[in-house]
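Reminder, nothing fancy here: chain letters follow the sequence lines and each chain counts from 1.
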Amino acid sequence: MLIKIPKSYELRENKVTDEKIYQDRRSLLKKMGYLGAGTLLSSSAQAGVFDLFSKDEAKTFSTKSLTFAQDNNSDEQILTPEDKVTSHNNFYEFGTKKNQPLELSQGFKVDPWQITISGEVDKPFTLSYDELFSQFSLAERIYRLRCVEAWSMVIPWLGFSLAQLLKKAQPNSRAKYVAFETLYDPKQMPGQKSRRLGGGIKYPYVEGLRIDEAMNPLTLMSVGLYGKTLPPQNGAPIRLVVPWKYGFKSIKSIVGIKLVDKMPPTTWNRLAPKEYGFYANVNPQVDHPRWSQASERRITSGGLFARNRIETLPFNGYGEQVADLYKNMNLRKHY
Amino acid sequence: MSLLILDKLSNKAKENLLKAVIHLASLLPICLLYLSAFNDELGADPVEAVIHFTGIGAFNLLLLTLLVTPLAKKLKQGYLMKVRRLLGLYAFTYAFCHVLNFIAFDLQFNFSLLFDEIIKRPYITIGLIAILLLTALAVTSINYLKRKMGRSWQKLHNVIYLIILLVGIHFYWSVKSEIIEPTIYIVISFILLYLRRKKLKF
């Protein structure tokens, strides 16, 4: 399948359609204007149907085009449209509702940025914002993203493998695990400041991988998607992408990577250990206590009638590349 | 100014006006909702959006329904009682859409998955019990059955107090970590039940 990545200046066809329907809605709103709708609709906390009305008033974060090698290996899969990838996010630092990260993150400052690689390494180092895009050659990787909430997307990420980054720091023999940490900045991240917005989880968000998982060539440090730098709601300026694990493992807006000798704490496991394990490999055999993991809804285009429920594959379909990592493990116990 | 005009209206006219407002305020959002959802204009995942909107809408309407009696007593406005059934029926309508959304758009008529979910997920089991009870109330709300059932009608319709608690638990158990909103709903439910403490013999 040919996947055409349009340049940022090319107007996308789906955008045009959106605009038309969008304009119709504005006129509809004007017609019912006197209902006092304005005050009701302008609040960003109003979830759901009314959010669409106020979207154009927010300033948008500007992303820039990146140079990269295209992904020619990916199998036939329909990409999730860019506007869906960037408007349906679980990033509790900017609110727990799916549309809130887009709305509440557009002023987020990514430059200057610092990400430090330290711990059990011979050569710890720090990368600045510009170095995120210049130290390694960028490649496109089209991956499936499977959320633990049983929905999924297909996203063209841009980045470099975590292994490249770690090797540069030269891990020593005590490095058994890798611990990741998101930026802690309540001034910029309203979810860290307000318990109501942030869903009552402990910040900063932390995640972890075993060293062999981290070194697997699939494990990606992403700095962009759809040909451009990441928008804040998707984890700008740099995030992890581990395509065979549930989405919450793919930690966003990373400032620290530390190689350690013991299994590090991870945010969702700390919050509800019976629901979220350290490994969190996509596994249709092991249900989440509150929903089945046997199938998923693939978010592409199409409205309410899109027949998008599909079977979930072990390791999210990446078993060939990663099943060996877990060959002697009971994956029901180590979920 | 507008309140002065309202004062001059008869109770029947006030009742009709209020009913018109309730019809409009209940039907308009849900029509807009489905219109947007069918056109894929309701965020990235219209399925989640319609499920959440109708669920919260049903809870809001249930709480409003329970607010009517204490409000009518406090304000000594008997005509308010006449809109209680309408609000209750809209609460049922929203709840029914909520369930239908789940079965049709989320599970996409995968009935084996539905039965699995009902058995394995306590929040879905509780939600199902709540909608079945609410259906019984909606069906028996017509005047003919109300007369025919006599005193047992009131007994049956007191089940609304149980329903509101079930719905609160359903909401609380369905969230991942953001428990503040469901907690607020449960607190409001308890306040509305507390206002009826004599009837409930707390």
* **Between CD1 on residue A:Ile310 and CD on residue B:Gln108, distance to nearest 0.5 Å** => 10.5 Å
* To do: Could you tell me whether the side chain of B:Phe105 reaches within less than 4.5 Å of the side chain of A:Arg297, counting heavy atoms only?
  => no
* Which heavy-atom pair separates A:Gly302 from B:Pro46 by the least distance, and what is that distance? -> O-CG, 4.5 Å
* A:Tyr92 versus B:Glu178, closest heavy-atom pair with distance -> OH-OE1, 3.6 Å
* **Pairwise distance CG(A:Leu304) to CG(B:Leu42) - rounded to 0.5 angstrom** => 8.5 Å
* Asked: Which bit of A:Glu149 is near chain B, if near means a heavy-atom gap under 4.5 Å: side chain, backbone, both or neither?
  -> side chain
* **Region of A:Ser295 in contact with chain B, defined by heavy-atom distances below 4.5 Å** => side chain
* Hey, could you give me the CG/CZ distance between B:Asp106 and A:Arg309, rounded to the nearest 0.5 Å? => 5.0 Å
* **Heavy-atom check, side chain of A:Lys98 versus side chain of B:His52, under 4.5 Å** => no
* To do: Please check if atom NZ in B:Lys146 has more than 12 non-hydrogen atoms from other residues, nucleotides or ligands closer than 6.0 Å.
  => no
* Asked: Is it the backbone or the side chain of A:Asn90 that comes under 4.5 Å from a heavy atom of chain B, or both, or neither?
  -> side chain
* Part of A:Trp268 within contact of chain B (heavy atom distance under 4.5 Å) -> side chain
* **Contact origin within A:Val148 toward chain B - heavy atom pairs under 4.5 Å** => side chain
* Quick one: CG on B:Asp40 to NZ on A:Lys84, what's the gap to the nearest 0.5 Å? -> 3.5 Å
* **From CZ (A:Arg290) to OH (B:Tyr123), nearest 0.5 Å** => 7.5 Å
* With a cut-off of 6.0 Å (strictly less than), are more than 12 heavy atoms of other residues, nucleotides or ligands near OH of B:Tyr79? -> yes
* **Which portion of B:Leu113 sits near chain A, non-hydrogen atoms under 4.5 angstrom** => side chain
* Do you know which of A:Ala150, A:Gly198, A:Pro289 has the most heavy-atom pairs with chain B at a distance under 4.5 angstrom? -> A:Pro289
* The single option from A:Arg196, A:Lys97, A:Arg195 passing salt bridge (Lys or Arg N to Asp or Glu O under 4.0 Å) against B:Glu181 -> A:Lys97
* What residue, out of A:Leu271, A:Asp287, A:Ile299, A:Ile201, has the most heavy-atom pairs lying under 4.5 Å from chain B? -> A:Asp287
* Asked: Going by heavy atoms in the side chains, are A:Thr96 and B:Lys176 under 4.5 Å from each other?
  -> no
* Measure distances from B:Val50 to the heavy atoms of chain A and classify the residue's part below 4.5 Å as side chain, backbone, both or neither. => side chain
* Asked: Could you state the interatomic distance from OG (A:Ser87) to CG (B:Asp45), rounded to the nearest 0.5 Å?
  -> 10.0 Å
